[in-house]
2 protein chains.
Amino acid sequence: MSTSEGRPRLRLHEHPTFLLAQLGVHTTERFGSLLAPLNIQPRHVAVLSTLLDRSGISQQQLCESLHIHRNVMVGMVDELERRGLVERRRHPVQRRAHALHVLPAGAELLRKAEEILDAYEAELFESDGSDVRSAVLETLQRIATRAGVRDASQPECGGCGAGEQVPH
Amino acid sequence: MSTSEGRPRLRLHEHPTFLLAQLGVHTTERFGSLLAPLNIQPRHVAVLSTLLDRSGISQQQLCESLHIHRNVMVGMVDELERRGLVERRRHPVQRRAHALHVLPAGAELLRKAEEILDAYEAELFESDGSDVRSAVLETLQRIATRAGVRDASQPECGGCGAGEQVPH
DNA sequence: TATTGTTATACTCTATAACTATA
DNA sequence: TATAGTTATAGAGTATAACAATA
């Protein structure tokens, strides 16, 4: 009963929690629509991008980076491998692990996807200068760090843009 | 082949699209955990908050505000009504519509939920002053407007914080 | 015993459609 | 015919568990 009449109730869009939730769903959905011609989803972009940055990592490492569960990752890598975009190779030291590599077709597809992503984000920031964009990015990264999301400056931290949860 | 070697590839967390997606999922999950003792979810907070602001609206109007489909809303209102938190009354002019109202128990539960939400958002913004917080909020609202989310300044625009999609 | 990858099953959520009653 | 609400069914996605191979 401490704040029962002092300050007026906030509407949903005055709460960053709800704004972030709605923005996250909306941008993912929109980016997914823009990716449709390439026949991939945002999560595949996350996988390809991570693998291109850190070639040869295991599925397990990939799972930890993207917060996608092992069971789900199997199917995703299956599909990407079937389409000739990535490849499972023998791991140099751990024989029970696979070493994942992006194939040329995968790198080319990623390049096209990133063009689409860049265009979409340019649309998001419209007439804003690069200073505003970097300020917003920095703010989001800071909130992410505070929210408990792994340090956004670390290369092993990724976002899949699809909201998958790891079972516990 | 325009940008194939000029600028280096951006990591996932340098893309606001992926940051927003991950933040949206994370904050919703975290807020949901904090709400667990009240036995409700973020979407229920959105419903109660909207109904308290606009008492007597129909289910259809509530659906449009929160971007939740009619079919899903039936079950949500059923549950809230069963728990004595909201009530379906006769609509004064449209006999085929229901007029939704928050009951005292629902208002009390919402008050507790908003205390939890305020505490969580204070944690998100830690040592930041109210000026930083309002700047971030304004930025998010501006991006939301640009992204095509309905004008965040309009009272009939809400976010459910759960990512439900309306079938098309 | 713990880890990596895989498979199978059950469950949750949601998309689609169809229905009733009002207008 | 169109709208508000409801119900039922099927499908997509995911959690849980269990398994084989390796360490």
Rounded distance in Å - [atom1] ([X]) to [atom2] ([N]):
X	N	atom1	atom2	result
B:His69	D:dT7	NE2	P	15 Å
B:Gln61	D:dG5	CD	C1'	14 Å
B:Arg89	D:dG5	CZ	P	16 Å
A:Met76	C:dG5	CE	C1'	16 Å
A:Arg90	D:dA21	CZ	C1'	14 Å
B:Leu62	D:dA4	CG	P	13 Å
A:Glu79	C:dT6	CD	P	15 Å

| message | With hydrogens left out and only the distance checked, is there a donor-acceptor pair under 3.5 Å joining A:Asn71's side chain and the base of D:dT14? | response | no
Output all residues satisfying salt bridge (charged side-chain N to carboxylate O under 4.0 Å, His left out) with [X], sequence neighbours left out; order by chain, then residue number.
X	answer
B:Glu138	none
A:Arg88	A:Asp78, A:Glu81
B:Glu14	B:Arg11

Is any side-chain N or O of [X] closer than 4.0 Å to OP1 or OP2 of [N]?
X	N	result
B:Arg95	C:dA21	no
A:Arg43	D:dT14	yes
B:Arg88	D:dA4	no

| message | We want to know whether B:His15 and A:Glu114 form a side-chain donor-acceptor pair, criterion being a heavy-atom distance below 3.5 angstrom. | response | no
For nucleotides 2-4 of chain C, list the nitrogen or oxygen atoms of the protein found under 3.5 Å from its nitrogen or oxygen atoms, one pair per line.
from  : atom 1 : to      : atom 2 : distance (Å)
C:dT3 : O2     : A:Arg96 : NH1    : 2.8

| task | Return each pair, listed once, that meets salt bridge (charged side-chain N to carboxylate O under 4.0 Å, His left out) where at least one residue sits in residues 123-133 of chain B; pairs must be two or more places apart or across chains. | result | A:Arg142-B:Asp128, A:Arg146-B:Glu126, A:Arg146-B:Asp128, B:Arg30-B:Glu123, B:Glu121-B:Arg133
| Of all residues at least two apart in sequence or in a different chain, which pass the side-chain hydrogen bond (donor to acceptor under 3.5 Å, both in side chains) check with A:Ser55? | A:His101
| For B:Val93 and A:Asp78, take the nucleotide of DNA chain C holding the closest heavy atom to each; which residue's nucleotide lies nearer the 5' end? | A:Asp78
| query | Is A:Glu115 salt-bridged to A:Lys112, going by a charged N under 4.0 Å from an acidic O? | reply | no
